[in-house]
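All values below were derived from every heavy atom in this structure, side-chain atoms included, with hydrogens, water molecules and symmetry-related copies excluded. The chains referred to below are lettered A, B, ... by the order of the sequence lines, with proteins before strands, and numbering in each begins at 1. In this text, all values refer to a predicted model and were calculated from it rather than measured experimentally.
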Number of protein chains: 2
Amino acid sequence: MHYSKQREAVKHYLQNHTTHPTAEMIYQDLKKTMPNISLGTVYRNLNLLVERGDAIKLDFGDGIDRFDGFTSPHYHFICNKCNRLFDLKMKHLEHINSLASIEFDGEIEGHIIYFHGTCPDCKTQM
Amino acid sequence: MHYSKQREAVKHYLQNHTTHPTAEMIYQDLKKTMPNISLGTVYRNLNLLVERGDAIKLDFGDGIDRFDGFTSPHYHFICNKCNRLFDLKMKHLEHINSLASIEFDGEIEGHIIYFHGTCPDCKTQM
DNA sequence: TTCACTGCAAATCGTTTGCACTGGC
DNA sequence: GCCAGTGCAAACGATTTGCAGTGAA
């Protein structure tokens, strides 16, 4: 694999933003300092980073992919009001895999939890 | 709201299939007995049922919406090998909402869990 | 008659891909 | 020089939408 300025920029962007950006957002921001970067390249590198395990791809119902450079297992919270996605700091609940395996005869390797409700910002605006 | 044969058919279909079908699958099946039904109508009615709370829309990474007519809270399992989605019978874990709210200053109203691993069928084929 | 709903086809839009070119090694 | 990676634009595919026609109330 060759070094690529664009790939480094995408990786660096994800490692320095906890906003769960879309590919388009990353593209728009990177364009400011790299005017020639293309959206296709951003997508190609995001998918590469996800394959490599250097990023996570998230979905939350609107069909647009969000990317997260914080890869150690953690949960997410989606605000019903403003639709923003937040990282939660709570510890990973390993034991619920065994709860699930009591009822299900497959091999459970992991789980993803999305919490939802009203975020702190929207809560104070009510 | 007017009665519609097509809407009843979509609702009935979801209530009688636990396969988490896509809109296209529902359309293909309904066409067998309703040759004139259109894909747009299937989509419109699915969205209506979801809004009304008579169905749930699920996503699991491939970007294609799945629909579930079984609306009481339950968890899902996605097979890494065959990509099928299964309903889990385990009880709903209300308490993890309070675990999350210890660390997060928003109002947590609910959560969704996706378990993943190897399903029973794929497990025996190994 | 009214207007919710339909079928159809075109539009939308996030994402992927083909291709010629560029740059890392 | 080789070929991974890029920029660009076209293609793709799931979903939505505009519109004229249909059918429930």
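One atom, CG of A/Leu46, and another, P of C/dG14, lie 15 Å apart when rounded to the nearest Å. One interatomic measurement links the two molecules: CE of A/Met25 to C1' of C/dT15, which rounds to 16 Å at whole-angstrom precision. Atom OH in A/Tyr43 sits about 15 Å away from atom C1' in D/dA9, given to the nearest Å. In this structure, OH of A/Tyr27 is placed 13 Å from C1' of D/dT6, rounded to the nearest angstrom. Rounded to an integer number of Å, the gap from NZ of A/Lys11 to C1' of D/dG5 is 16 Å. Separating the CZ atom of B/Arg7 from the P atom of D/dA25 is a distance of 10 Å, rounded to the nearest angstrom. Taking atom CG of residue B/Leu30 and atom P of nucleotide C/dG7, one finds them 11 Å apart after rounding to whole Å. Between the P atom of C/dT16 and the CD atom of A/Glu51 lies a distance of 11 Å, rounded to the nearest Å.
Aromatic pair B/Tyr75/B/His111: centroids less than 6.0 angstrom apart.
The side chain of B/Ser38 contributes no N or O atom lying less than 4.0 Å from OP1 or OP2 of C/dT6. Within the 4.0 Å cut-off from OP1 or OP2 of C/dG23, not a single side-chain nitrogen or oxygen of A/Gln6 is found. Under 4.0 angstrom from either OP1 or OP2 of D/dT6 there lies at least one side-chain N or O belonging to A/Asn45. Taking only side-chain nitrogens and oxygens, A/Asn47 never comes nearer than 4.0 Å to OP1 or OP2 of C/dT15.
Residue A/Arg44 places a side-chain atom within donor-acceptor reach of the base of C/dG18, judged by atom type and a 3.5 Å distance cut-off alone.
Residue contacts shown for B/Tyr3 are limited to sugar-phosphate atoms, with no base heavy atom under 4.0 Å away.
In terms of position on DNA chain D, the residue among A/Val42 and B/Glu24 whose nearest nucleotide sits closer to the 5' end is A/Val42. Each of B/Gly40 and B/Ser4 was matched to the nucleotide of DNA chain C holding its nearest heavy atom; the match closer to the 5' end belongs to B/Ser4.
Residues B/Arg84 and B/Asp121 are paired through a salt bridge, judged by an N-O separation under 4.0 Å between the basic side chain and the carboxylate.
Taking every side-chain heavy atom of A/His2 into account, D/dG5 is the closest of D/dG5, D/dT6, C/dG14.
Counting all heavy atoms, side chain and backbone alike, B/Ile113 lies closest to B/Ile96 at CD1-CD1, 3.9 Å.
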Worksheet entry | Pair B/Glu109-A/Asn80, side-chain hydrogen bond (donor to acceptor under 3.5 Å, both in side chains): steps then yes or no | CA-CA 9 Å; B/Glu109 291 164 16; A/Asn80 292 335; 3.0 Å; yes
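Within 6.0 Å of the NE2 atom in A/His92, the count of heavy atoms belonging to other residues, nucleotides or ligands exceeds 12.
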